[in-house]
Amino acid sequence: MNYVPPSTTAGTDGFRFDNSFALLPPQFFARVDPTPVAEPWLIKLNRSLAEDLGLDVASLERDGAQIFSGNSVPAGAAPLAMAYAGHQFGTFVPQLGDGRAILLGEVIDRSGQRRDIQLKGPGQTPFSRRGDGRAALGPVLREYIVSEAMFALGIPATRALAAVVTGQPVYRERILPGAVFTRVAASHIRVGTFQFFAARGDMASVQALADYAIERHYPEIKNDERPYLAFFKAVAARQAALIARWLHVGFIHGVMNTDNMTISGETIDFGPCAFMDVYDPKKVFSSIDQFGRYAYASQPAIGQWNLTRLAETLVPLFDPVAATAVDLANDALGEYGAIFQRHWLEGMRRKIGLAGEEEGDLDLVQRLLTAMHQGEADFTLTFRRLCECAVSPGADTALISLFAEPIGVTSWLADWRKRLERGPGTADERTAAMRAVNPAYIPRNHRIEQAIVAATEDADFSLFEALVDVTSEPYKDQPRFAAYADPPQPGEEVQQTFCGT
């Protein structure tokens, strides 16, 4: 397909493309069109996001199946598959790339932000490595549910614009319905994108990519004395804040490979991810994580490991003197841990209602987590019920009932209340603040699996729709969805999740 210049006018669907990544040198991507599918139909259009992007909702509800399946490429799009490499479970793979994803192009949303529009599952690309380039329905629904839940929780993440069934099967361990997911992101530039060029000794492309990423994501630093070092520090700071926020809601990414860490600081790729039920710092869900590399409590350290790989690609740009450049890189990496710890502790203080800072706050937080682990308490319910304990000691019974071993939390509650008394504000104000950061609803694994089974086996999307609805307002009590706050019953637990899209 020949490159189409950025649109100056929108088509009937409202897409007004302004493509910048497609103007980079050809080694950054492969131009490729989506492969048409048999009989697409639209499962879900994210109306509010479509409106934010300036799209024509009515037109997309009518014609969206053709566009979001890849059957009809909007005017002004410049379809391409991005090149990148990556460390996968610690092993470097020099060429990965978009094997089952095609970037249609970029639009400027109503707030002036540049956003990528990408199809996942639209057919083979030059990076497919013998794969079919397709996605199954189940993983598409999982990514839609979880990415929108993360957005509602206030955690930076890629967004779900649409999901489409293709009308033709995909062949995995068994035959499954095919689907295509439309993802919206600040960009799809990853640590692995830099690694792709660094591994080839192509520092000119590394520098060109860094210049592009700075202009797109961190324009405030482009005139810095050391812009590439400032860029690295900015990326590291965003990742530290992001991973801290994952931990605040019990989120486990599952595949924190370097090709799944964005430069923008958004959560990306929701394959074997999950939210914990019972709190366990060593919890792993990914079926391919045999040694716990990406366990819940390991995520901050893995974030630093991934950033070290990014620093390795950029270090020649930090300073012309190699030894000085390495020292600068090490100093910057050393700042990551303190930034993460600050964000994590600030967030945990908010979760348990602490105002201000006291020396014993970290110990108080850790004691609660230890009691939760020993008592096998549900992560989300523990913090949500704690909100009520802040205003009413009578709510302690409901909280304590979550613990198989209550001694630890009983003694903790007494010390917690003493700490609360030293803070400002009324009990009602404190409870309201806690409820604003402790969700009542998360997309629990067993609910996601129920929705996937119903859709895959019976073409019933009602559970999917309900889960999207309830998690769109996670901090609000919703009586008609009260059961969605409950942890799984015995026999409903989901112990493993899988890659798929």
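- Between the side chain of E405 and the backbone N or O of I407, at least one donor-acceptor pair lies under 3.5 Å.
- Evaluated for a side-chain hydrogen bond (donor to acceptor under 3.5 Å, both in side chains) with N438, the options R350, H248, K351 yield exactly one hit, K351.
- Heavy-atom contacts from other residues, nucleotides or ligands closer than 6.0 Å to CD of E376 number 12 or fewer.
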Could you give me the CA-CA distance, side-chain angles and deciding distance for R435 and D477, then say whether salt bridge (Lys or Arg N to Asp or Glu O under 4.0 Å) is met?
CA-CA 10 Å; R435 288 169 65 88; D477 286 327; 2.5 Å; yes
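- Between the side chain of S128 and the backbone N or O of R130 there is no donor-acceptor pair closer than 3.5 Å.
- When ring centroids are compared, F464 and Y144 come within the 6.0 Å threshold.
- R384 and D378 are not joined by a salt bridge, as no carboxylate oxygen comes within less than 4.0 angstrom of a charged side-chain nitrogen.
- For F481 and Y441, the gap between ring centers reaches or exceeds 6.0 Å.
- Side-chain atoms of M434 and L386, non-hydrogen and from C-beta on, do get closer than 4.5 Å to each other.
- Ion pairing of R238 with E266 is absent here, as no side-chain N (NZ or NE/NH1/NH2) approaches a carboxylate O to less than 4.0 Å.
- Between Y336 and F340, the ring planes lie parallel to each other; the angle is under 30°, not in the 30° to 60° tilted range.
- N71 places no side-chain N or O within 3.5 Å of a backbone atom of A65 that could act as its donor or acceptor partner.
- Residues H87 and R309 have side chains in contact (heavy-atom distance under 4.5 Å, counting atoms from C-beta outward).
- A cation-pi geometry, defined here as NZ or CZ lying under 6.0 Å from the six-membered ring centre and within 45° of its normal, holds between K283 and F285.
- Ionic pairing of D486 and R447 is not present here: no N-O contact between side-chain nitrogen and carboxylate oxygen is shorter than 4.0 angstrom.
- With rounding to the nearest 0.5 Å, the separation of CZ in R349 from CG in L345 is 4.0 Å.
- Relative to the six-membered ring of W344, R245 misses at least one condition, a distance below 6.0 Å or an angle of at most 45° to the axis.
- Here CD of Q366 is found 9.5 Å from CE of M348. Values are rounded to the nearest 0.5 Å.
- Two residues are said to be in side-chain contact when any heavy atoms from C-beta on lie closer than 4.5 Å; L53 and L161 meet this criterion.
- No donor-acceptor pair under 3.5 Å is formed between the side chain of H253 and the backbone N or O of Y296.
- Q478 places a side-chain N or O within donor-acceptor distance of the main-chain N or O of V470, the cut-off being under 3.5 Å.
- A distance of 12.0 Å separates CG in L362 from CZ in R367, rounded to the nearest 0.5 Å.
- A salt bridge does not link R100 to D132: none of the charged nitrogens lies less than 4.0 Å from a carboxylate oxygen.
- Side-chain contact between K120 and V140 is absent, with no heavy atoms from C-beta onward closer than 4.5 Å.
- Within the 3.5 Å criterion, the main-chain N or O of G97 finds a donor-acceptor partner in the side chain of Y84.
- In terms of heavy atoms, A85 sits closest to D259 at O-CB, 3.4 Å.
- Nearest approach of V249 to F379, heavy atoms of both residues: C-CE2, 3.5 Å.
- Rounded to the nearest 0.5 Å, atoms OH (Y212) and CG (L209) are 9.0 Å apart.
- The closest donor-acceptor contact from the side chain of T267 to the backbone of A157 lies at 3.5 Å or more, if one exists at all.
- Electrostatic pairing of R216 and E106 counts as a salt bridge here, judged by a charged N lying under 4.0 Å from a carboxylate O.
- With 3.5 Å as the limit, one finds no donor-acceptor pair spanning the side chains of H188 and T262.
- The side-chain heavy atoms of F383 and I352, taken from C-beta on, include a pair separated by under 4.5 Å.
- Both the sub-6.0 Å distance and the 45° axial angle are satisfied by R200 relative to the ring of F196.
- No more than 12 heavy-atom neighbours from other residues, nucleotides or ligands sit within 6.0 angstrom of CD on E39.
- R183 places no side-chain N or O within 3.5 Å of a backbone atom of I117 that could act as its donor or acceptor partner.
- With no hydrogens or angles considered, a side-chain donor-acceptor pair links Q195 and T258 at under 3.5 Å.
- For residues 146-167, the side chain to side chain donor-acceptor pair (under 3.5 Å) pairs, not counting sequence neighbours, are N46-E148, E148-R159.
- Below 30°, between 30° and 60°, or above 60°: for W41 and F461 the angle between ring planes is above 60°, a perpendicular geometry.
- Counting heavy atoms from C-beta outward, D98 and F29 have side chains that stay 4.5 Å or more apart.
- A heavy-atom distance below 4.5 Å is found between the side chains of V146 and F275.
- I155 CD1 to I243 CD1: the interatomic distance, rounded to the nearest 0.5 Å, is 12.0 Å.
- Judged by the 6.0 Å and 45° rule, R444 forms no cation-pi pair with Y484.
- Remark: F127 pairs with no residue by the ring pair (Phe, Tyr, Trp, His ring centres under 6.0 Å) rule, at least two apart or across chains.
- For the pair R293 and F89, the cation-pi criterion (under 6.0 Å, within 45° of the ring axis) is not fulfilled.
- Contact annotation: the side chain of I452 approaches that of R142 to within less than 4.5 Å [non-hydrogen atoms, C-beta and beyond].
- Of the N and O atoms on the side chains of Y294 and N257, at least one donor lies less than 3.5 Å from an acceptor on the other residue.
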